[in-house]
Amino acid sequence: MRTLFISDIHLSETRPDLTRALLNFLHHTCSDCDQLFLLGDIFDAWIGDDFIHPDLTPIIDALDTLSKQGIEIFFQHGNRDFLVGKKFTSRIGAELLPEESIIRLPDGQSALIMHGDQLCLDDKEYQQFRILVRNGDWQKDFLSKTLPERLEIARQLREASKEQNAEKSQSIMDVNADSVQSALKKAECQLLIHGHTHRPAIHQQQLNNQTGTRIVLGDWDKELWYLSCNEAGCELLHEPVNSTH
Ligand code: LP5
Ligand code: MN
């Protein structure tokens, strides 16, 4: 039994190298896995299930092929692709998971999984923004706009985000330690797996009288990061984006 986790690929038509890297990963690394978890920000900007850039259709087809081969695929929202809906996940044969989910790993351990943006509680501006854009009415209104309008809003938001991030400190944009503790406590888990911060690492931290583990997935900008779990445990692995099998 082998379970893989990836996040923060940020696929877009401007990065054909990432599309190629993911296709390669799906064809080779995933071919002998049983489960694939997509933990958010797979897409750089998702403006609705009714628009998929044609350059990304090979990815959609490859995911669909994997699920038809019996590999279970699970999708969680990131802060860039929170508008992914059931129309899209059923197109690829994936299950859309709640933003915080508890799963069982091949070695029997329970893990709490999430994108990770919800843990960045020191980033007050982002958390306010998050409440706004995760509101159902707000999303309905956005999705009722024309495609050019939605593309323009997404572009403006990306600009605003880039400008504001340049002003924020690294610590503000990392997870808040108390939010990690309380998320694990609430889930009654000792292992948290998330992405978002683009700071791949395995952290051990004190959790009441036990040791908690926090595995942070990496983004795919320069290297291709993934977590591979089997009966023996989990390994956080990386390869160059341009590697060929
Ligand atoms: O994404 P990244 O890594 O740059 O930074 C994130 C947080 N930013 C965001 C915003 C996204 O990047 C915007 C792209 C969304 C694409 C989907 C579009 C379709 C949906 C459209 C619905 C709105 O998530 C950033 C965090 C950082 O992670 C680290 O955690 O700091 O947070 C922000 O930048 C939020 C700002 O601080 C506050 C929001 C400013 C909004 C300004 C409104 C501009 C007017 C736009 C017109 C509607
Ligand atoms: Mn993110």
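For the numbers below, each heavy atom of this structure counts, side chains included, while hydrogens, waters and symmetry mates do not. Positions are given from 1 along the sequence. First listed ligand is number 1; within each ligand, the first listed atom is number 1.
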Between CD1 on residue Ile47 and CZ on residue Arg80, distance to nearest 0.5 Å: 14.0 Å

Any N/O pair Trp46/ligand 1 closer than 3.5 Å: no

Atom 14 (C) of ligand 1: nearest protein contact (heavy atom, Å): Arg158 CD, 3.4 Å

Contact atoms of ligand 1, heavy-atom distance to His196 under 4.0 Å: 28 (O), 29 (C), 30 (O)

Check: His53 main-chain N/O paired with Glu13 side-chain donor or acceptor under 3.5 Å: no

Glu125, any N or O under 3.5 Å of ligand 1 N or O: no

Mode of Thr197 contact toward ligand 1 - side chain, backbone, both, neither (heavy atoms, under 4.0 Å): neither

Any Asp123 heavy atom less than 4.0 Å to ligand 1: yes

Side chain, backbone, both or neither: Asp81 near ligand 1, heavy atoms under 4.0 Å: neither

Min side-chain heavy-atom separation Glu231-Met1 under 4.5 Å: yes

The Mn ion (ligand 2) - closest N/O/S atom in Asp41: OD2

Whether Thr65 side chain and Asp61 backbone form a donor-acceptor pair below 3.5 Å: yes

Closest protein heavy atom to atom 34 (O) of ligand 1, given as residue, atom name and distance to 0.1 Å: Ser161 OG, 3.0 Å

Side-chain donor-acceptor pair present, Asp219, His10, cut-off under 3.5 Å: no

Top protein contact for atom 33 (C) of ligand 1, by heavy-atom distance: Lys168 NZ, 3.5 Å

Side-chain heavy atoms of Ile6 within contact of Leu217, under 4.5 Å: no

Heavy-atom pair of closest approach, residues Leu236 and Ala201: CD2-N, 3.7 Å

Three-point angle His196:ND1, the Mn ion (ligand 2), His115:NE2, rounded to the nearest 10°: 90°

Atom indices of ligand 1 within 4.0 angstrom of Ile153 heavy atoms, with elements: 48 (C)

Non-hydrogen atom of Arg80 closer than 4.0 Å to ligand 1: yes

Residue, atom name and distance, where the atom is the protein heavy atom closest to atom 6 (C) of ligand 1: Asn79 ND2, 3.4 Å

Atoms of ligand 1 close to Ala154 [distance to a heavy atom under 4.0 angstrom, numbered from 1]: 18 (C)

Taking atom 42 (C) of ligand 1 as the reference point, the nearest protein heavy atom with its distance: Ala160 CB, 4.0 Å

Contact atoms of ligand 1, heavy-atom distance to Val133 under 4.0 Å: 23 (C)

Straight-line distance of Phe75 CZ to Leu36 CG, nearest 0.5 Å: 11.0 Å

Closest protein heavy atom to atom 44 (C) of ligand 1, given as residue, atom name and distance to 0.1 Å: Leu157 CD2, 4.1 Å

Thr197 N/O/S atom closer than 2.8 Å to the Mn ion (ligand 2): no

Salt-bridge present (Lys86, Asp49; N to O < 4.0 Å): no

Proximity winner for atom 39 (C) of ligand 1, if only heavy atoms of Tyr126, Trp138, Phe129, Phe142 are counted: Phe129

Heavy-atom pair with the smallest gap, counting every atom of Gly195 and Ser7: CA-OG, 3.7 Å

Atoms in ligand 1 with a heavy atom of Gln156 nearer than 4.0 Å: 46 (C), 47 (C)

Contact check: Asp117 to the Mn ion (ligand 2), N/O/S below 2.8 Å: no

Atom pair CD/CD of Gln156 and Glu152 - distance to nearest 0.5 Å: 4.5 Å

4.5 Å side-chain heavy-atom contact, Pro200 and Val216: no

Sub-3.5 Å N/O-N/O distance, Gln164 and ligand 1: yes

Asp117: which of His196, Arg130, His194 passes side chain to side chain donor-acceptor pair (under 3.5 Å): Arg130

Atom pair CD1 (Ile193) and CZ (Phe37), whose distance is rounded to the nearest 0.5 Å: 8.5 Å

